[in-house]
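What follows is a structure written as structure tokens; I'll ask about it next.
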Amino acid sequence: MCNPRRVRVRATRELAEAWGQEVRRQVTRSGRTVGEARVREPLASTVGGPTLTALTAVLARTEGWTRGDDGVFRHELDGGLIAFDPGTRELEIVARVSGEVTGVGEASSVVETRVTDTVEAEGVGTYYDDNWGGVTEQDARRAAEQDLERSLAEAAEARRAEARRAAEASAGGEVESRAARQADEAFASASAAREEELRERAAERLTAVGVEGRTRFHHALAEAYRDAVLAFARARRADNIHHRAENGVLEIEFDLQI
């Protein structure tokens, strides 16, 4: 086997192509929506002013109750909350049910994509002076020409792929914006429909939430009654002041000189 010889062939190809390319985008919006049911109970007509005043201090020191910037005391519950507004003297009970919602938007646009370029490539074939392996110079030239065709095709396809990416980048933003608007609209519509269903379920849970909420509130209210009565007794200089709570019953005793 003698030294190898190589046959090299070079060529250029002019590309002038155009085609319609579809640019498509899909956007998904996911989140949770909440349905609520609530009831308000005024307390001003059933609970005296001193007790309601004492209630504010009791709620401020009782674990689980937090006071917001609006002055309203709130206590989170499993499936809802209770709230007491010292300003309106109302107790509010809220039941909540949440659920997942998804909205999908799709948009597409057909853009014209063009390739106008010149690609250049080289093909190589190998043979030996003694035609080792049965490969002649003519065989090597044919192999070089075949290699050249493959290289030209690959170079041309690379230019087309680059043009497709450029078209995607150019039109993709506008198409995605339209898909996003559709997704937002679909999410809002699905949320509205889901919220109505969740409100019905929340209304069904309102009774159970109310039982737990009123129990917690009445514990605080009992402390407020105690504090209000004791404050009255001390203000009147009562003697023998005693109080105790047992089995949910509050007892207060004192001697008051009239």
Side-chain angles (χ1 to χ4, degrees), residues 1-36 97-199 201:
M1 182 176 65
C2 300
N3 293 330
R5 299 286 186 267
R6 289 181 174 81
V7 177
R8 298 179 185 274
V9 291
R10 292 178 177 274
T12 60
R13 179 171 295 172
E14 298 294 328
L15 297 179
E17 303 175 2
W19 65 91
Q21 176 177 330
E22 184 181 45
V23 178
R24 179 179 294 275
R25 293 289 187 273
Q26 183 182 85
V27 176
T28 301
R29 297 282 191 257
S30 298
R32 299 187 69 82
T33 189
V34 178
E36 292 186 345
V97 179
S98 64
E100 290 287 342
V101 177
T102 299
V104 178
E106 294 185 356
S108 64
S109 180
V110 177
V111 296
E112 185 180 51
T113 306
R114 290 182 174 274
V115 174
T116 304
D117 200 357
T118 300
V119 296
E120 182 178 358
E122 179 183 79
V124 179
T126 303
Y127 73 101
Y128 295 89
D129 289 339
D130 61 355
N131 295 333
W132 183 81
V135 179
T136 66
E137 181 178 357
Q138 290 76 15
D139 294 331
R141 185 168 298 277
R142 282 193 298 271
E145 291 173 350
Q146 293 171 356
D147 186 41
L148 173 64
E149 283 300 318
R150 285 194 298 270
S151 297
L152 286 172
E154 290 172 358
E157 183 56 34
R159 297 295 191 276
R160 296 186 190 103
E162 183 179 345
R164 286 192 289 268
R165 288 193 295 270
E168 284 277 344
S170 175
E174 187 275 333
V175 175
E176 185 159 351
S177 293
R178 287 195 282 121
R181 289 194 295 270
Q182 290 185 14
D184 290 338
E185 293 171 359
F187 182 81
S189 178
S191 293
R194 183 77 165 133
E195 187 176 335
E196 180 61 32
E197 173 194 342
L198 294 174
R199 278 199 296 266
R201 291 173 55 188

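Throughout, numbering of the chain's residues begins at 1 and tracks the sequence. Values reported hereafter were calculated over all heavy atoms of this structure, with side chains retained and with hydrogens, waters and symmetry mates removed.
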Exercise. Side chain to side chain contact (heavy atoms under 4.5 Å, CB included) between Trp19 and Arg114: does it pass, once the steps are laid out?
Worked result: CA-CA 7 Å; Trp19 65 91; Arg114 290 182 174 274; over 6 Å; no
Exercise. Can you name the nearest heavy-atom pair linking Val27 to Ala183, along with the distance?
Worked result: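 Distance-wise, the nearest heavy atoms are O-CB, 3.5 Å.
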For this session: Salt-bridge test for Glu197 and Arg194: reply yes if a basic N is under 4.0 Å from a carboxylate O, no otherwise.
Result: yes
Seminar exercise, completed: Between Ala121 and Ser151 the two heavy atoms that sit nearest each other are CB-CB, 3.5 Å
Exercise. Is any side-chain heavy atom of Glu157 closer than 4.5 Å to a side-chain heavy atom of Arg160?
Worked result: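 Sidechains of Arg160 and Glu157: in contact.
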Problem set entry | pair Val97-Val34: side-chain heavy atoms closer than 4.5 Å | no
Exercise. With distance as the sole criterion, is a donor-acceptor pair present between the side chains of Glu120 and Thr12 under 3.5 Å?
Worked result: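 Side-chain D/A pair, Glu120 to Thr12: absent.
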Exercise. Between Val7 and Ala144, which heavy-atom pair has the shortest distance, and what is it?
Worked result: O-CB, 3.5 Å
For this session: Any chance you could measure Glu17, atom CD, to Asp117, atom CG, to the nearest 0.5 Å?
Result: 10.5 Å
For this session: Decide, yes or no, whether a salt bridge links Glu196 with Arg201 under the criterion of side-chain N to carboxylate O below 4.0 Å.
Result: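 Here Glu196 does not pair with Arg201 in a salt bridge, since their nearest N and O are not under 4.0 Å apart.
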For this session: Verify whether one side chain among Arg32 and Ser98 offers a donor that lies under 3.5 Å from an acceptor in the other.
Result: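 The criterion, which ignores hydrogens and geometry beyond distance, is satisfied for Ser98 and Arg32.
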Exercise. Around Arg159, counting heavy atoms of other residues, nucleotides and ligands shown, do more than 12 lie under 6.0 Å from its CZ?
Worked result: yes
Exercise. Closest approach of Val9 and Glu145, non-hydrogen atoms and distance?
Worked result: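 Of all heavy-atom pairs spanning Val9 and Glu145, the closest is CG2-N, 4.0 Å.
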For this session: Apply side chain to side chain contact (heavy atoms under 4.5 Å, CB included) to the pair Phe187 and Gln182, showing each step before the final yes or no.
Result: CA-CA 8 Å; Phe187 182 81; Gln182 290 185 14; over 6 Å; no
Seminar exercise, completed: CD of Glu162 to OG1 of Thr113, rounded to nearest 0.5 Å, is 12.5 Å
Exercise. Just how far is it from atom CG of Asp184 to atom OG of Ser189, taken to the nearest 0.5 Å?
Worked result: 12.5 Å
Exercise. Do other residues, nucleotides or ligands put more than 12 heavy atoms under 6.0 Å from the CD atom of Gln26?
Worked result: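 Yes.
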Exercise. Is it true that Glu195 and Arg199 make a salt bridge, defined as a side-chain N closer than 4.0 Å to a carboxylate O?
Worked result: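 Salt bridge present between Glu195 and Arg199.
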For this session: Under the side chain to side chain contact (heavy atoms under 4.5 Å, CB included) rule, what do Arg10 and Leu148 come out as? Steps first, then yes or no, please.
Result: CA-CA 7 Å; Arg10 292 178 177 274; Leu148 173 64; 5.7 Å; no
Exercise. Looking only at heavy atoms, what is the nearest atom pair of Tyr127 and Thr136, with distance?
Worked result: CB-O, 3.7 Å
Exercise. At their closest point, which heavy atom of Thr126 faces which heavy atom of Arg6, and how far apart are they?
Worked result: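 For Thr126 and Arg6, the tightest heavy-atom pair comes out as OG1-CG, 3.8 Å.
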Exercise. Is it true that Glu122 and Arg8 make a salt bridge, defined as a side-chain N closer than 4.0 Å to a carboxylate O?
Worked result: yes
For this session: Let me see the working for Ser177 and Arg25 under side chain to side chain contact (heavy atoms under 4.5 Å, CB included), right down to the final yes or no.
Result: CA-CA 9 Å; Ser177 293; Arg25 293 289 187 273; over 6 Å; no
Problem set entry | Approximate separation, where rounding is to 0.5 Å, of Ser170 OG and Gln21 CD | 10.5 Å
Exercise. Do the charged groups of Glu185 and Arg181 touch, with an N to O distance under 4.0 Å?
Worked result: no
Problem set entry | Any side-chain heavy-atom pair of Leu198 and Thr33 under 4.5 Å | yes
Exercise. Would you say Leu15 and Val119 make side-chain contact, with heavy atoms under 4.5 Å?
Worked result: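 Yes, at least one pair of side-chain atoms sits under 4.5 Å.
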